[in-house]
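First the proteins, then the strands, lettered A, B, ... as listed; each starts at 1.
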2 protein chains.
Amino acid sequence: MSIIQNIKIAVDAIVFGYEKNQLFVLLVKQKFGDTKNLWCLPGGFVLNNESLTAAVTRELREETGITVNYLEQLYTFGDKIDRDPRFRVVSVAYFALVDPSKLTLTTITNTDAEKAKWFPIDQLPDLAYDHREIIDTAFARLKNKLTYQPIGFDLLETEFLFSELENLYTTLLEKNIDRRNFRKKILGFGIIDETDKIISVKSGRPAKLFKFNEKKYRELELKGFHFEIKFN
Amino acid sequence: MSIIQNIKIAVDAIVFGYEKNQLFVLLVKQKFGDTKNLWCLPGGFVLNNESLTAAVTRELREETGITVNYLEQLYTFGDKIDRDPRFRVVSVAYFALVDPSKLTLTTITNTDAEKAKWFPIDQLPDLAYDHREIIDTAFARLKNKLTYQPIGFDLLETEFLFSELENLYTTLLEKNIDRRNFRKKILGFGIIDETDKIISVKSGRPAKLFKFNEKKYRELELKGFHFEIKFN
DNA sequence: TCAAAAGTGTTCTCTTTACACCCATGG
DNA sequence: CCATGGGTGTAAAGAGAACACTTTTGA
């Protein structure tokens with residue numbers, strides 16, 4: 001305690017978006033510093049009187065203009081002491097999800113970040129620091145969490161087609177799904193409401209729009225219900 | 001970045017031990033400071049050139065003399081900015097398990113902590129800071145994790161009785177278990193080896209000692225096996 | 001011989017899997 | 001009328017739940 005601690009605390013956000021069978025990660029390019037020409041995760045240092053959660057949402061707003069649908073703490077990266085070559089930084093990483101409406105970024109005119117851009121998860125550019133590793137951790141968490149928490153809905157529009165939900169799962173988890181069994185199971189949970197809307201997309205038979213009923217889910221959860229989807 | 005960040009990083013450890021149907025948490029009483037007469041979690045500030053993991057193990061050694069069987073990052077507490085009344089501290093909490101041999105503490109002659117002591121989880125003293133909340137989080141994680149990861153074995157001696165495993169689950173999860181089904185299921189996993197030892201405890205029929213086969217577990221895990229125990 | 005805990009199988013129920021054809025629309 | 005994706009039921013297999021008596025030892 002008598003020794004002065006010289007470690008900085010940062011927060012980083014891994015924001016996932018999904019559209020047309022592709023998962024995207026939101027990255028920014030910094031204007032200044034060593035990482036000038038590298039992309040990195042949105043984030044930055046925590047202010048003295050700011051909670052960690054406030055820091056992430058502020059950085060996201062400042063650097064990308066985005067507000068997210070889902071946010072949770074992922075992991076704190078602080079074992080590699082030289083993960084930032086400038087000085088010791090411990091980073092608390094947050095994991096966030098947005099719906100497709102956020103995938104077109106409005107121009108950002110701010111101070112820190114030159115620009116923000118969505119990258120497909122399988123076409124990431126070179127990343128600063130250990131941000132690649134952080135994204136891998138987040139992606140693993142996303143895939144895992146999809147199987148036991150109803151977070152897939154946060155990656156879809158409020159009203160979605162069953163096939164979109166289905167494709168979300170098959171794409172991200174790289175597993176095949178029996179459409180009938182999947183539908184039966186999900187609908188059996190009783191947490192998805194059918195809307196009275198039917199829409200037509202390009203070709204094929206028009207399909208019903210569905211809606212996640214979060215209230216119902218919370219109720220069932222209290223009664224011991226566990227969302228769970230298994231794959232072969 | 002031009003503003004000086006004035007936040008300290010600490011690590012805290014929630015160490016669980018289990019013996020005779022009771023779960024214990026390891027606490028320490030500080031010699032100095034505001035928390036002089038309160039118990040708190042072992043932990044302290046991270047040194048400049050020390051990884052977070054190294055900081056926890058060091059603090060545990062210094063304050064309690066213990067080395068643990070299992071250690072994982074739990075959560076980073078940094079949303080309440082006045083969780084420490086002295087100054088802003090963000091604490092990375094780690095969750096640890098020890099076997100019953102660690103439950104008798106050797107005398108600690110060190111600098112920071114006056115003394116270390118095991119407390120039953122349901123008889124915790126008044127705790128400093130938000131440590132009560134941290135313990136609650138850790139306890140919830142423990143209970144949850146017990147159902148999907150074979151960590152219960154880290155709370156038992158290397159060789160254990162089936163009834164001990166059974167009691168661990170019934171005690172911590174407060175659920176009844178059908179002994180036959182439980183045994184059938186666990187043995188069916190193929191990750192527990194029967195030893196050729198049979199021991200007698202007080203009264204009743206003597207029982208076989210079993211041993212967790214971690215190597216086997218890792219192998220099966222790679223092939224897609226998932227440890228899972230459900231309760232009614 | 002009694003008390004205490006260990007050990008052991010079978011049946012029933014429920015959940016999961018496998019599987020294929022018709023429907024509604026747009027072009 | 002053809003291509004495209006949407007919508008649906010049933011049977012078989014596997015997993016989980018319910019259930020009670022015998023065995024071995026120490027006191």
Side-chain angles (χ1 to χ4, degrees), chain A residues 19-21 147-148 156-157 159-171 173 175-211 220 223-232, chain B residues 19-21 146-148 156-157 159-171 173-211 220 223-232:
Chain A
E19 195 175 42
K20 298 201 188 76
N21 298 353
T147 69
Y148 67 89
L156 297 175
E157 298 179 71
E159 301 192 331
F160 55 87
L161 302 175
F162 226 95
S163 58
E164 291 171 331
L165 185 63
E166 212 179 287
N167 290 332
L168 176 72
Y169 275 89
T170 50
T171 307
L173 304 181
K175 299 280 184 182
N176 293 324
I177 287 181
D178 178 297
R179 283 167 54 230
R180 278 179 290 193
N181 292 340
F182 182 74
R183 194 177 175 118
K184 205 189 311 171
K185 175 151 204 177
I186 301 274
L187 289 178
F189 289 156
I191 57 174
I192 309 281
D193 295 339
E194 194 172 300
T195 70
D196 51 4
K197 293 175 203 150
I198 293 183
I199 63 160
S200 228
V201 196
K202 285 186 247 172
S203 64
R205 176 175 173 174
K208 274 184 217 136
L209 282 171
F210 291 84
K211 213 173 167 173
L220 289 170
K223 291 179 196 153
F225 165 72
H226 286 284
F227 181 91
E228 181 158 30
I229 301 176
K230 282 188 191 151
F231 297 90
N232 34 355
Chain B
E19 194 175 41
K20 299 200 187 78
N21 298 353
L146 276 173
T147 70
Y148 67 89
L156 298 175
E157 298 179 71
E159 302 192 331
F160 55 87
L161 301 176
F162 226 95
S163 58
E164 291 172 331
L165 186 62
E166 213 180 286
N167 290 332
L168 176 72
Y169 275 88
T170 50
T171 307
L173 303 181
E174 298 176 280
K175 300 278 184 184
N176 293 326
I177 288 181
D178 179 295
R179 286 168 51 232
R180 280 179 289 193
N181 292 340
F182 182 74
R183 194 177 176 118
K184 206 189 310 171
K185 174 150 205 181
I186 300 273
L187 289 179
F189 289 155
I191 58 173
I192 308 280
D193 296 339
E194 194 173 298
T195 69
D196 51 4
K197 293 175 203 150
I198 293 183
I199 63 159
S200 225
V201 196
K202 283 184 245 165
S203 64
R205 176 173 170 174
K208 274 183 219 138
L209 282 170
F210 292 84
K211 211 172 167 173
L220 289 170
K223 291 179 195 153
F225 165 74
H226 286 284
F227 181 91
E228 181 158 30
I229 302 175
K230 283 188 190 147
F231 297 92
N232 34 355

Should we say atom NZ of Lys211(B) is surrounded by more than 12 heavy atoms from elsewhere, each under 6.0 Å from it?
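Not buried by this count: 12 neighbours or fewer within 6.0 Å.
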With the side chain counted from C-beta on, respond yes when Leu173(B) and Ile229(B) share a heavy-atom pair under 4.5 Å apart, and no when they do not.
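Of all side-chain heavy-atom pairs linking Ile229(B) with Leu173(B), none is under 4.5 Å.
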Can you tell if the side chain of Phe210(B) reaches within under 4.5 Å of the side chain of Leu187(B), non-hydrogen atoms only?
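When only atoms from C-beta onward are counted, Leu187(B) and Phe210(B) do touch, with a gap below 4.5 Å.
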Going 5' to 3' along DNA chain C, which nucleotides are the first and last within contact of chain B (any atom under 4.0 Å from a heavy atom)?
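Both ends considered, the range comes out as dA4(C) to dT10(C).
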Is the ring pair Phe162(B)/Phe182(B) parallel, tilted or perpendicular, if the boundaries are 30 and 60 degrees?
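Aromatic pair Phe162(B)/Phe182(B) classed perpendicular.
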From Leu156(A) atom CG to Leu165(A) atom CG, the distance as rounded to the nearest 0.5 Å:
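The distance works out to 6.0 Å.
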Euclidean distance, Leu209(B) CG relative to Ile198(B) CD1, rounded to 0.5 Å:
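It is 9.0 Å, given to the nearest 0.5 Å.
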Taking side-chain contact (heavy atoms from CB on, under 4.5 Å) as the definition, give me every residue that meets it alongside Lys230(B), ordered by chain and number, with sequence neighbours left out.
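With sequence neighbours excluded, Lys230(B) shows a side-chain contact (heavy atoms from CB on, under 4.5 Å) to Glu228(A), Lys230(A), Glu228(B), given in chain and number order.
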Which letters describe nucleotides 7-17 of chain D, given B = protein heavy atom under 4.0 Å from base, S = only from sugar-phosphate, - = neither?
BBBB-----SB
